[in-house]
Student: 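This is the structure I want to talk about, given as structure tokens.
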2 protein chains.
Amino acid sequence: MSESSTASRPTLEAVAARAGVSRATASRVVNGGDGVREPLVERVRRAVEELGYVPNQAARSLVTRRHDAVAVVIAEPETRVFADPFFALQLRGISKELTAHDSQLVLLLTEGRDDHARVGRYLAGGHVDGALVFSLHLDDPLPELIHGAGVPTVFGGRPGWGDGTRSAASPVYVDSDNRGGAREAVRHLAALGRTRIAHITGALDQTSAVDRLDGFRDVMVDADPRLIAEGDFTPAGGERAMRQLLDGCPDLDGVFAANDLMASGALRVLRERGLRVPDDVALIGFDDMLPVAEQTDPSLTTVRQDIEEMGRLMARLLLRGLSAGAATVGSAGAGSQEGLVGAPSSVVLPTTLVRRASA
Amino acid sequence: MSESSTASRPTLEAVAARAGVSRATASRVVNGGDGVREPLVERVRRAVEELGYVPNQAARSLVTRRHDAVAVVIAEPETRVFADPFFALQLRGISKELTAHDSQLVLLLTEGRDDHARVGRYLAGGHVDGALVFSLHLDDPLPELIHGAGVPTVFGGRPGWGDGTRSAASPVYVDSDNRGGAREAVRHLAALGRTRIAHITGALDQTSAVDRLDGFRDVMVDADPRLIAEGDFTPAGGERAMRQLLDGCPDLDGVFAANDLMASGALRVLRERGLRVPDDVALIGFDDMLPVAEQTDPSLTTVRQDIEEMGRLMARLLLRGLSAGAATVGSAGAGSQEGLVGAPSSVVLPTTLVRRASA
DNA sequence: GCAGGATCAGGGAGCGCTCTCAGCAGTACG
DNA sequence: CGTACTGCTGAGAGCGCTCCCTGATCCTGC
């Protein structure tokens, strides 16, 4: 029979009564206190304190049409994705930023196609002020749905459909400099004196994989096609690709894998074939996924991206867009994609090469 | 200027008008349609469809005092915790279950002590119907705060303060059978003919670590104290503990580490000292943390817990308690801890030994 | 010392929904 | 054929809050 149950939660009315002011004045104080004289502010503050008043968010939302909540949509077709700390870190960054702005984080995990409709409905339902979306695959229907829902959105990772390809205004996104990071990795291998450098790509329906491949090509301008093998971001895929590479080109002396997981698979194959790393073959991964990169033997040289910062930035961009939109469009017209007009556009974060033992 | 912005979202009123019924009837249909004759139900359904009506959750919550939302609180003092897929999987399980019951998942990540107060305030604010809490440390103030907030809660992992130690009713929680899993691991080592079996504990301010240690002791009833070394669930801690164990007892032939991360550290030390695994020393971990357990060389024999199922169960328990509470206490009195009276109590899930190469 | 302007408090409407309660069918029975 | 009863439907009252707008208060300038 806790006191905080229904019957006893104080309302603004109660606070006003106790402070001897009107509901309106109490409301002003609770929402910042502008335009209320100091002594009254003080009295209301004390009443709030004494009563343990907490505003009823539902009542507030009903009239303001703001929710102080942001949806985070993680489309997750593969279990693999979730098995790495990527999203956890990103969530952390997002959470920090939202918390600092008194917004809540509503997590929407999708499981297969049917779920997309559910998410679309939820977003369209106007339950949140905006959405942060991780769109992983080129053919993902999610962006379309979200655009249809008319919710201000920031994407994590460059959406597959590029900029302006569709009728929609170009999307706002936060991404790592995948291409630049890849370039740096390959250049590092070259600087080590390696000349026959191979690349194990990620799943090429994801922009990150495509961008890393592009980065590889930037440096290895006319690479032998046999030096490129398509992987899928999994360790098994890395093994497969490594075998294929070695079969096609046994004398390769450097490998850049599009993520650490594949690098670890590649490492096993290299060892299995009696090749020493980094002596015979230098190996570089991507992500700096700690439990993997640090635990391999030899430890993995890799390209680090600041994942938590990406999350934080996504949230910041969204919130900024939200308030900018509100200021521009006016309180009555907020909520549409136009809410992001005038807001800063996409951000690409730099990567850093982390040198360990494998290259 | 998307159509879904403020002005145009249809209200129940609009649906009712279009269907030629009253708001009340429309509401009944939207909420299940009991007690409304079929032709009217049909008409309302069509109107909803045509108008693309989505109920305004804020307005609904305002009167029902339900939110169809559950908070998930993850206290996370250490980065380590987040670096493993544990929470991700648990979240997935939770999400699935909540989705099936049309509830939303509000994620609350805490960062340091100050954040606890924030979480307490939020929970007490009555923004959610219940909470799922991961309380990791014995001295965590969170459970106290949550009890104070009077929100129905299910814990992930046995809370440190045991059952009934505090004045609170014994908490509802979902946990793995840490003790039983540990026993099975140690028995497996014994069955392999190992007699000098050591244990690397986890951070002993966490119940999972304590329980695993207890399981070890259950089998190794009078183990030499030198065969137990305290770790901290990190690879580095595993290395340290392994060194300590080997120094104190160079002829040990089996090691049970309280998690896979520490096992991987131990593995490195064993190799470094020229000991073969599993020939000289058999090694078992805990968690079956795939990116680690499968990638080590040799791959790790370990104790698997069904993490996703844990999450699902937590959510199920909470939701069941919520509806049970509502039925018992009546719609006016829900929301207090009593909401869980009569609900099923804690659940401990079985673990399974996964045999790989290390033991 | 008083009008005029600025500033600030309060009354009241209404956000969209649920739910109680009264009322009106339709049916069965006297 | 009238009455009682069951079963649906609709009118209306708020849930707690914000915000517009009116009215009161205070200060400034002449």
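Order of the sequence lines sets the chain letters (A, B, ...), proteins ahead of strands, with each chain counted from 1. Heavy-atom basis, side chains included; hydrogens, waters and symmetry copies ignored.
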Student: Tell me the interatomic distance from L62(A), atom CG, to dT18(C), atom C1', rounded to whole angstroms.
Tutor: 12 Å
Student: Between L313(A) and V347(A), which heavy-atom pair has the shortest distance, and what is it?
Tutor: CD2-CG2, 3.8 Å
Student: How bent is the helix from dG1(C)-dC30(D) to dG30(C)-dC1(D), comparing axes over its five end pairs at each side, to the nearest 10°?
Tutor: 50°
Student: Could you state the interatomic distance from CD1 (I94(B)) to CG (L132(B)), rounded to the nearest 0.5 Å?
Tutor: 5.0 Å
Student: Against L108(B), only a single residue in V73(B), I74(B), V72(B), D115(B) fulfils side-chain contact (heavy atoms from CB on, under 4.5 Å); can you say which?
Tutor: V73(B)
Student: Check whether the side chain of R37(B) and the base of dT9(D) form a donor-acceptor pair under 3.5 Å.
Tutor: no
Student: Examine dC15(D): is either OP1 or OP2 under 4.0 Å from a nitrogen or oxygen in the side chain of N56(A)? Give yes or no.
Tutor: no
Student: Does S27(A) make a side-chain N or O approach to OP1 or OP2 of dT18(D) shorter than 4.0 Å?
Tutor: yes
Student: N31(A) has an atom CG; how far is it from atom P of dC17(D), in whole Å?
Tutor: 10 Å
Student: How long is the line joining CG of D34(A) and C1' of dT18(D), in whole Å?
Tutor: 15 Å
Student: Where do L51(B) and R18(B) come nearest, in terms of heavy atoms and distance?
Tutor: CD1-NH1, 3.3 Å
Student: Start at the 5' end of DNA chain D and walk down; is the nucleotide closest to V63(B) or to R28(B) reached first?
Tutor: R28(B)
Student: With rounding to the nearest 0.5 angstrom, report the NE2 to OG1 distance, H147(A) to T153(A).
Tutor: 9.0 Å
Student: Any idea which of dA13(D), dG11(C), dC17(D) is nearest the R23(B) side chain?
Tutor: dA13(D)
Student: Side chains of T99(B) and L105(B): does their closest heavy-atom pair fall under 4.5 Å?
Tutor: no
Student: Considering only dG16(D), dG10(C), dC17(C), which nucleotide approaches the side chain of Y53(B) most closely?
Tutor: dC17(C)
Student: Figure out the NE2/P separation between H127(A) and dG16(C), and round it to whole Å.
Tutor: 14 Å
Student: For R43(B) and A19(B), indicate whether the former's side chain and the latter's backbone hold a donor-acceptor pair under 3.5 Å.
Tutor: yes
Student: Whole-Å distance between dC15(C) P and R9(B) CZ?
Tutor: 15 Å
Student: Atom CG of L12(A) and atom P of dG10(C): how far apart are they, to the nearest Å?
Tutor: 12 Å
Student: Round to a whole Å and report the spacing from CD of E13(A) to P of dG14(D).
Tutor: 13 Å
Student: Rounded off to whole Å, could you give me the NE2-to-P distance for the H67(B) and dG16(D) pair?
Tutor: 11 Å
Student: Report the nucleotide, chosen from dA9(C), dG16(D), dG16(C), that has the shortest atom-to-atom distance to any side-chain atom of R65(A).
Tutor: dG16(C)
Student: Among the candidates dT9(D), dT18(C), dA11(D), find the nucleotide nearest to the side-chain atoms of R60(B).
Tutor: dT18(C)
Student: Closer than 4.0 Å, any side-chain N/O of S22(A) to the OP1 or OP2 of dA9(C)?
Tutor: no
Student: Output the single nucleotide from dC19(C), dA9(C), dC17(C) whose closest atom is nearest the side chain of A59(B).
Tutor: dC17(C)
Student: Pick the closest DNA chain D nucleotide for G20(B) and for Q57(A) by heavy atoms, then say which residue is nearer the 5' end.
Tutor: G20(B)
Student: Would you find a donor on one side and an acceptor on the other, under 3.5 Å apart, between the side chain of S61(B) and the backbone of R66(B)?
Tutor: yes
Student: Let's see if you can work this out: which of dG12(C), dT9(D), dT18(C) has an atom nearest to the side-chain heavy atoms of L40(B)?
Tutor: dT9(D)
